[in-house]
Amino acid sequence: MNADLGSPRELTGLQRRRALYQPDLPPCLEGTRVRVELGDPTTTIDPKCADIVAQAFPHTFGQKLVHFLESNTMVSDTQVIEEHPPIRVGVLFSGRQSPGGHNVIWGTYDAMKAQNPHNVLLGFVGGTEGLFAKKTLEITDDVLSSYKNQGGFDLLGRTVDQIRTTEQVNAAMSTCCDLSLDGLIIIGGVTSNSDAAQLAETFAKHNCKTKVTGVPVTLSGDLKNQFVETTVGFDTVCKVNSQLISNVCLDAVSAGKYYYFVRLMGGKASHVAFECALQSHPNMVILGEEVALSKLTLMEITNKICEGVEARAAQGKYHGVLLIPEGLIESIPEMYALIQEINNLHSNNIPEDEIPSQLSPWAAALFKFLPPFIRRELVLHQESDNSAQLSQIDTEQLLAHLVEAEMNKRTKEGNYKGRKFSSVCHFFGSQARGSLPSNFDCNYAYVLGHICVQLVATGLNGYMATVTNLKDSTNKWRCAAVPLTAMMSVRRHLRGPGAVPIGRPVIHPSPIDLKAESYAVLREKASSFLLDDFYRTPGGIQFEGPGADTKPITLTIEGHDYLGDIEILQDYLEKVRTILKPGCSREILKAAISSMASVNDVLKVMSAPLNAELPLYHFN
């Protein structure tokens, strides 16, 4: 572990100015008297998996939704936290570093010290390995002073990012017991929060007093559902990447002779590429979700890009910018099957250099077809969650290679008469994830830290701190906590109506919703993006003045106040109960039954999966 973790930073003038920024708190978290409302018991995101999740998490499944209200709000079934005995809390980073992570710790520290100056916050140095080894750093004002509103995870660092095996879980429980921790806060994405859920269940089973809380912090934005509108770090990463992309766009149109293939870090889902496309307006963007839905092969994707190149050449344009998500390679059917076969060989401890010879005939043929650099990257050792190292697979170079070969072929056959195709490839990953966080990420992370403390003080275990209505100003944010099991599901074999759940319940990465309004906006503008060089220059992150409080475009378009909608529904249901008390007329009862039947039918139709074929882009 790095001995410099947690050491004071030497800050630049800009960093010192950012360290002075004080994040906002919504009214429900101000002061030391916080009102906690327990809502209805929860189920799972996929109702078909509810029984499986309940069996796997008997101690933490079905817990109630938690809302935090202003202290002067009078609602039944609430409690006000007034007494604050001293507590001890541990916190660790788990997962890829994401801008804003430090502010979760800052918010936790401020909330703890406001409740009781004798509270102790311990950071685990080196992430999960530090947790297992009991390597801690007490968080103090002096320690935090040079990390407030700063990027990176270098206050505590991170390592393996895994708490999964029996040995690891037992080591974590031993640490929490030995340190007499009242709470453990795990900061990370889908994998880390899945591990947090398992840890909470194990602690409850063994009567360990430590309450486990998860915090949604990941640059990829794929920890997204009805409870989590976006993750800490996503806004910053997309703003930094969009600035780089817009610079590339202007370079492309200035030179007029290169196609830039830009791959963006972001995990299996395409949220980062999607948001950056809306912010910077590149000529083309290939979303993994579109490819998977339409079952486009590698050569079909290549041909679609070539068609776009030819369409632009017809207008005398021989340049362009194409965005590619990091997870695209796994969305291509034949590549996904190949990667799965390689992963299985890794799981059977087959050495990397022997994997090619162990492939099935069809996989070996595909593997041989691929360029040597891709072959080397595909057999690299797996990530901590047993998936392929997507960040190490140069998909942008693969597509540029295939498009160039196809354009040369079309030229030779006389089907393309334009200039020779030339490409430049980029991968934007680490450039953005260490950035100074935006105001939005600073505020969001700080608020989540405060919520974590309220959960520990209330004695709630196995929850994730959440905030909804994020598209509005901070004073309108709704603060809540959701059982981690409510976000879990089980993967299923999609082979007809008898689909069988497989694997263990976990929180899965959420793909782009191709029925969402934001996706409709992208499709509507796709033709203009392709042909008109409608490039947009958002510039660097603004911390003051106009633009300082901008939020992700997808959030502002899609932002639905799910918890607010639940309250509206509950109000309507209560009104219906009042009207339909025993003794109401038969006519009213029949009308209610008919209306409920219609509502049921509508909801069944809306719950059906999307099955339309969607092209990569459209042009006239």
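Computed from a predicted structure; not experimentally measured.
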Asker: Answer yes when K295 and E300 have at least one side-chain N-carboxylate O distance shorter than 4.0 Å, and no when they do not.
Answerer: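 No, K295 and E300 are not salt-bridged.
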
Asker: Distance-only, no hydrogens or angles: does the R312 side chain make a donor-acceptor pair with backbone N or O of H319 under 3.5 Å?
Answerer: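 Yes, the answer is positive, given that a donor and an acceptor are paired below the 3.5 Å cut-off.
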
Asker: Please determine, by modelled atom types, if T468 and E229 share a side-chain donor-acceptor pair under 3.5 angstrom.
Answerer: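 T468 vs E229: no donor-acceptor pair found between side chains.
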
Asker: Measure up the F93 and F153 rings against each other and bin them: parallel (under 30°), tilted (30 to 60°), perpendicular (over 60°).
Answerer: parallel

Asker: Could you check whether S270 and E289, counting side-chain N and O atoms only, form a donor-acceptor pair closer than 3.5 Å?
Answerer: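 A donor-acceptor contact under 3.5 Å links the two side chains.
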
Asker: Is any side-chain N of the basic residue among E326 and R96 closer than 4.0 Å to the acidic one's carboxylate O?
Answerer: yes

Asker: Distance only, no hydrogens: is a donor on one side chain within 3.5 Å (strictly under) of an acceptor on the other, for D533 and N283?
Answerer: yes

Asker: Side chains of R18 and Q150: do they bring a donor and an acceptor to under 3.5 Å?
Answerer: no

Asker: Kindly assign one of parallel, tilted or perpendicular to the pair H426 and Y260, based on the angle between their ring planes and the thresholds 30° and 60°.
Answerer: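 Parallel.
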
Asker: Check whether the side chains of S220 and K268 place a donor and an acceptor atom closer than 3.5 Å, and report yes or no.
Answerer: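 On atom types as modelled, these side chains do not qualify, holding no pair under 3.5 Å.
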
Asker: Between R263 and D394, is there a salt bridge with N-O shorter than 4.0 Å?
Answerer: yes

Asker: Decide, yes or no, whether a salt bridge links K224 with D513 under the criterion of side-chain N to carboxylate O below 4.0 Å.
Answerer: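 Answer for the salt bridge query: no.
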
